[in-house]
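A note on names: the letters A, B, ... follow the listed sequences, proteins ahead of strands, and every chain is numbered from 1.
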Number of protein chains: 2
Amino acid sequence: MSESMDSRKAAILRAVVDEYVKDAEPVGSSHLARISGIQVSSATIRNEMNILEHDGYLTQPHTSAGRIPTDKGYRYYVDTFVSESENSDVMQFRSIEEFFTKAHGALAEMFSDTSRLLTKLTNYAAVVTGPSPESKLIRSIQLISLDTKKVLLLMVDSKGVVEKKTLELSEEVDESALEMASNYLTKKFRGAPLGTLVEMESSGNLRLDNLCMESLGALRELRGEAESVYIEGAANVANAFDAVDTVRRVLATLEQHFLVVSLIRDVLSKGQKVAIGSELGIEPLAECSVVVSPYVVEGERVGSIGLVGPTRMNYPKVLAAVNLVSAGLGKRLSEG
Amino acid sequence: MSESMDSRKAAILRAVVDEYVKDAEPVGSSHLARISGIQVSSATIRNEMNILEHDGYLTQPHTSAGRIPTDKGYRYYVDTFVSESENSDVMQFRSIEEFFTKAHGALAEMFSDTSRLLTKLTNYAAVVTGPSPESKLIRSIQLISLDTKKVLLLMVDSKGVVEKKTLELSEEVDESALEMASNYLTKKFRGAPLGTLVEMESSGNLRLDNLCMESLGALRELRGEAESVYIEGAANVANAFDAVDTVRRVLATLEQHFLVVSLIRDVLSKGQKVAIGSELGIEPLAECSVVVSPYVVEGERVGSIGLVGPTRMNYPKVLAAVNLVSAGLGKRLSEG
DNA sequence: TCTGGCACTCGATAGAATAGAGTGCTAAGG
DNA sequence: CCTTAGCACTCTATTCTATCGAGTGCCAGA
């Protein structure tokens, strides 16, 4: 591979990606010569495309068809031509601001609404993951009796998100004991992150200690439970691909939420915002790309939003949308 | 339409449906003569099929193809041959029992797990709707401070389901006032159905009255909020249809949860368990059938489960699955 | 009333022919 | 040395034709 990407080759690669994203059809040299700003003959373009193909940026579906970008080609395109700051079609995105200035209800709805917004903006499948349970700060703990020996534990965090857990007690308790324990636990742990629940020293009251112990166990379990995920617009993958079995594969994969979550985590942990086709490392998603962005609340990355579409996606637009939405979400949550 | 459905015609119709459901291919007279228990010649079958077609039970994709059932044909099949009580392939369904005897967490997970179970059993898209908010019995009301003038209201119902609502107060309150109001409201309304919240007489304490008033408002809003819906296995529609645009249409429709909910409600309100193709009255779902069943907790229908698949679905199996799962869910929730 | 026989219809499949988009290569011109 | 016009070549997509065969409707005879 003699990597010598001069500016003309780059321009050609860029044009190929743009055209292919637009029309979903292999683009040929003469088409490029006509359409693009490159002022050379189709023959020259042919030569350059040949080299680009040998270097792995382009490929031909078959001899005597035009070229389409490879994953590597998309990667170069994204790294080189898609500026993070530029807001592509800002006009179209006015609705984002509007969306986030409107008041919103519970956090869960906020996330699923955000997911819906993203899917509407981009016409691809959108994913929003909520804050990881460990980082949550406890605001209030309530024990509510469901049965003589069965209690519902409610934990409200600093953002107003409610987590719940039913727990079976070893002995019967009455309402007043529950109320007492609720107050005690809330006072004790208010402001503590769910992730760092220490042991509790004895309060002197055996009955109370017992109840608190069991509640603490439930809280620890809560912490380990799966992150919340909101996936919307999965139906759009049916629009993104013609082959019905590609649609099947991708949809089936998207239904496995944990897979999607770890996918997004992986991409972010590599410091990337975009992962393309084979880079995802998930065979059924070989024809997909993922664009992700963490959102930041009070200086901390608490969750992320992502977008799953075909490798042949409008990267500038999608990146802009994802960035704007993640910024909006972070800001909105910071005000909270 | 000379409706004279003798038993032989019925047997032929039944065989056509069975074969078509199995192979997804138009079934011809000679095939039936060979395969089925009907001991007449293909010519006779042809004559009967001709009549069945004229009566609207069968149709031909084109001249000189076999017959496939119409919606009317499926309807007759379901009404006549699918016995409610019979449990088709009970062997396969052993997992249902197992599923419902295992303990389960919060109700929300219960519903989405149930939805997943149904989709796994049938390979179609499953819908579970939670209890309608109005019928819920209040068990506990908690007010938790989020900000000086912002409060999170939690309502736990008799099943341990938590509903929440943020409310903006007209004046500042302190923690002790919130605690007092929580206790007051809980005592006052424990056991009352959310649907019948009456006005409250004054308690004598102006501060408290005010807070309770605002809380009541929030509770009333809660009541009006959308039913919870859990749809799983939507990806299966990609398996059910070959035409990619049918897949698109159906998926897009399933994403509109309110549509699905009202669809299920409509079917149930007509006292039906099965709605077929055009009977649904939703154009994009013209090639789909829906099988629904309410589930009963303590003698009351509190929600429903449903299944969306192609008109060409295995009705006996699906009906058995839906019935068993709804029974299981109802029983499980009654114990709760 | 049923059934075997038969002519007929029409989609599906396979081949052959054609058109055309696009390529790689070569040779001439700057 | 780089560019470009020209050209032969390749290969898909399209169209057309011919053929096959599954399935039908109808009729005449048991």
Length of the CG-C1' vector between A/Asn47 and D/dC2, whole Å: 10 Å

Rounded interatomic separation in angstrom, taking CD1 from B/Ile45 and P from D/dG25: 13 Å

Whole angstrom value for the distance that separates C1' of C/dA21 from CE of A/Met49: 12 Å

side-chain N/O B/Ser42 vs C/dT3 OP1/OP2, d < 4.0 Å: no

Salt bridge (charged side-chain N to carboxylate O under 4.0 Å, His left out) pairs, two or more places apart, involving residues 272-281 of chain B: B/Arg75-B/Glu279, B/Glu84-B/Lys273

Ion pair B/Arg248/B/Asp245, N-O distance below 4.0 Å: no

Between P of D/dG23 and CD1 of B/Ile68, the distance in whole Å: 14 Å

Distance (rounded to the nearest 0.5 Å) between A/Leu58 CG and A/Glu48 CD: 11.0 Å

Short side-chain N/O contact from B/Thr63 to OP1 or OP2 of C/dC10, under 4.0 Å: yes

Of A/Val127, A/Ile231, A/Val229, the residue whose pairing with A/Val261 passes side chain to side chain contact (heavy atoms under 4.5 Å, CB included): A/Val229

OH-OG1 distance between A/Tyr74 and A/Thr311, expressed to the nearest 0.5 angstrom: 4.5 Å

5′-ward residue of the pair A/Ser29/B/Ala43 relative to DNA chain C: B/Ala43

Proximity to the side chain of A/Asn50 - top-ranked nucleotide from C/dG24, D/dT24, C/dG22: C/dG24

Note: B/Glu287-B/Arg249 ion pair, threshold 4.0 Å (strictly below): yes

Below 4.0 Å: OP1/OP2 of C/dT23 and any side-chain N or O of A/Arg67: yes

Proximal nucleotide (of D/dT24, D/dT4, C/dT3) relative to the A/Ser41 side chain: D/dT4

Rounded interatomic separation in angstrom, taking CD from A/Gln60 and P from C/dG22: 11 Å

Phosphate-side-chain proximity, B/Arg8 and C/dC2, N/O vs OP1/OP2 below 4.0 Å: yes

Return the polar atom pairs (N/O with N/O) between nucleotides 14-20 of chain C and the protein under 3.5 Å, or none.
none

Length of the line joining A/Arg34:CZ and C/dA21:C1', which is rounded to integer Å: 11 Å

Atom-pair distance (CZ on A/Arg46; P on D/dC9), nearest Å: 16 Å

Euclidean distance, atom CG of residue A/Asp6 to atom P of D/dC1 [Å, nearest integer]: 17 Å

Touch class at under 4.0 angstrom, heavy-atom based, for B/Ala65 against every strand present: sugar-phosphate

CG/B/Asp242: more than 12 non-hydrogen atoms of other groups inside 6.0 Å: no

N/O (side chain, A/Thr44) to phosphate O (OP1/OP2, D/dT4) under 4.0 Å: yes

